[in-house]
Amino acid sequence: YGLLTLQPKTKKANFRTGIDIILTYLLTGGRYTEIRMMRWSWFDSLDLETGFNSFTAPPTTTDKGKKINCVKMGKKSNWYPLCLLLKDLFKQRYKNRVALSEAMNNKAPLDYVFPNSMSESAFTNPKGRIEEICNAVGINKKISHHSFRYTFTDIVEKLQPHLEDDALHHTPKSLAKQVYANRDERKHQLRKLFQEIEDFISTFRISKSRLTHRRFYLLFHTSNLCN
């Protein structure tokens, strides 16, 4: 509810970025660095009609000229399918990247999905936005970006527990699964699961009305430019 209703205290061009990155953590279960450092070049396609179906976080990346382990230990790539809400969100951010760059007087939005408003690099940390949301809805418990990964895990365990390792990009416990798993079939199952996760969250009720995908998306993006 706080994600949907929080309004900026000041008119910052990059206000919506903090909210969008939190939503991405929640709907992908992604780790801190691989989501924070997301670049447009990681998507399967940037075609606004047929693209934005998935993105792949590489083992390592660079930020401010420094090499960073994007994925844990920097040893593998992680593939993420996208639910309908995130596809819409990323398409909108991509369409508005030039306008946001001009508003910020900063080239970061042209490269980074979640740009830093103060320098030409990635968004620093959603901690401040998380605190604002918690205060708005009266949550006194300390929440971090990793809390959303825990929530994602809980939903996966409820919906498709046999896909937990794949969804969280853990090394499979079963050697047979590592060797013989059909990758195309696994990707198909993961696409279905990630959409089921959005659908599950969308069944939450706000003001006694069902939070459908379209209403969920419109609540995020009708009041402000998706920036």
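Every value quoted in this text rests on a predicted model; they were computed, and no experiment measured them.
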Quick check against the 3.5 Å criterion: does [X] have a side-chain atom that pairs as donor or acceptor with the backbone of [Y]?
X      : Y      : result
Lys64  : Ala122 : no
Lys91  : Leu48  : yes
His169 : Gly30  : no
Asp47  : Thr50  : yes

**Message:** Tell me whether Tyr112 shares a hydrophobic cluster with Met118, the cluster being built from Ile, Leu, Val, Met, Phe, Trp, Tyr side chains joined at under 4.5 Å.
**Reply:**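 No: no chain of side-chain contacts under 4.5 Å links Tyr112 to Met118.
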
**Asked** Do Tyr25 and Phe200 sit in the same hydrophobic cluster, where Ile, Leu, Val, Met, Phe, Trp and Tyr count as joined when their side-chain heavy atoms come under 4.5 Å apart?
**Response**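 In one cluster: yes.
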
**Lys NZ or Arg CZ of Arg97 over Tyr94 ring: under 6.0 Å, within 45°** =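 Judged by the rule, Arg97 and Tyr94 form a cation-pi pair.
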
Quick one, [X] and [Y] - any side-chain contact, counting heavy atoms below 4.5 Å?
X      : Y      : value
Arg31  : Asn78  : yes
Arg149 : Leu168 : yes
Ile155 : Lys158 : no
Tyr150 : His146 : yes
Leu110 : Val98  : yes
Pro59  : Asn69  : no
Asp111 : Glu120 : no
Arg39  : Val113 : no

**Asked** Would the number of heavy atoms belonging to other residues, nucleotides or ligands and lying under 6.0 Å from CG of Asp154 be above 12?
**Response**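 Enclosed.
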
Within this structure, what is the [atom1]-[atom2] distance for the pair [X] and [Y], rounded to the nearest 0.5 Å?
X      : Y      : atom1 : atom2 : answer
Asp20  : Leu89  : CG    : CG    : 4.0 Å
Ile197 : Cys83  : CD1   : SG    : 8.5 Å
Met38  : Arg93  : CE    : CZ    : 9.5 Å
Ile21  : Leu26  : CD1   : CG    : 13.0 Å
Ser121 : Lys107 : OG    : NZ    : 14.5 Å
Leu190 : Lys187 : CG    : NZ    : 9.5 Å

Taking all atoms of both residues into account, what is the closest heavy-atom pair of [X] and [Y], and its distance?
X      : Y      : answer
Ser54  : Pro81  : CB-CA, 3.9 Å
Ser77  : Thr56  : CB-CG2, 3.8 Å
Phe43  : Leu82  : CE2-CD1, 3.8 Å
Leu163 : Arg186 : CD2-NH1, 2.8 Å
Phe148 : Ile22  : CZ-CG2, 3.4 Å
Pro109 : Trp40  : O-NE1, 3.0 Å

**Asked** Of Phe152, Phe52, Phe55, which meets ring-ring contact (aromatic ring centres under 6.0 Å, His included) against Tyr80?
**Response**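 The passing option is Phe55.
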
**Asked** Between Asp88 and Gln92, do the side chains contain an N or O donor and an N or O acceptor separated by less than 3.5 Å?
**Response**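 Result is no, nothing qualifies.
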
**Request:** In sequence, state the C-alpha distance, the side-chain angles, and the governing distance for Thr60 and Ile68, and then conclude on side chain to side chain contact (heavy atoms under 4.5 Å, CB included).
**Result:** CA-CA 6 Å; Thr60 61; Ile68 298 172; over 6 Å; no

**Asked** Applying the side-chain hydrogen bond (donor to acceptor under 3.5 Å, both in side chains) test to Gln195, which of Arg191, Glu198, Lys192 qualifies?
**Response**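 Single side-chain hydrogen bond (donor to acceptor under 3.5 Å, both in side chains) partner of Gln195 among Arg191, Glu198, Lys192: Glu198.
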
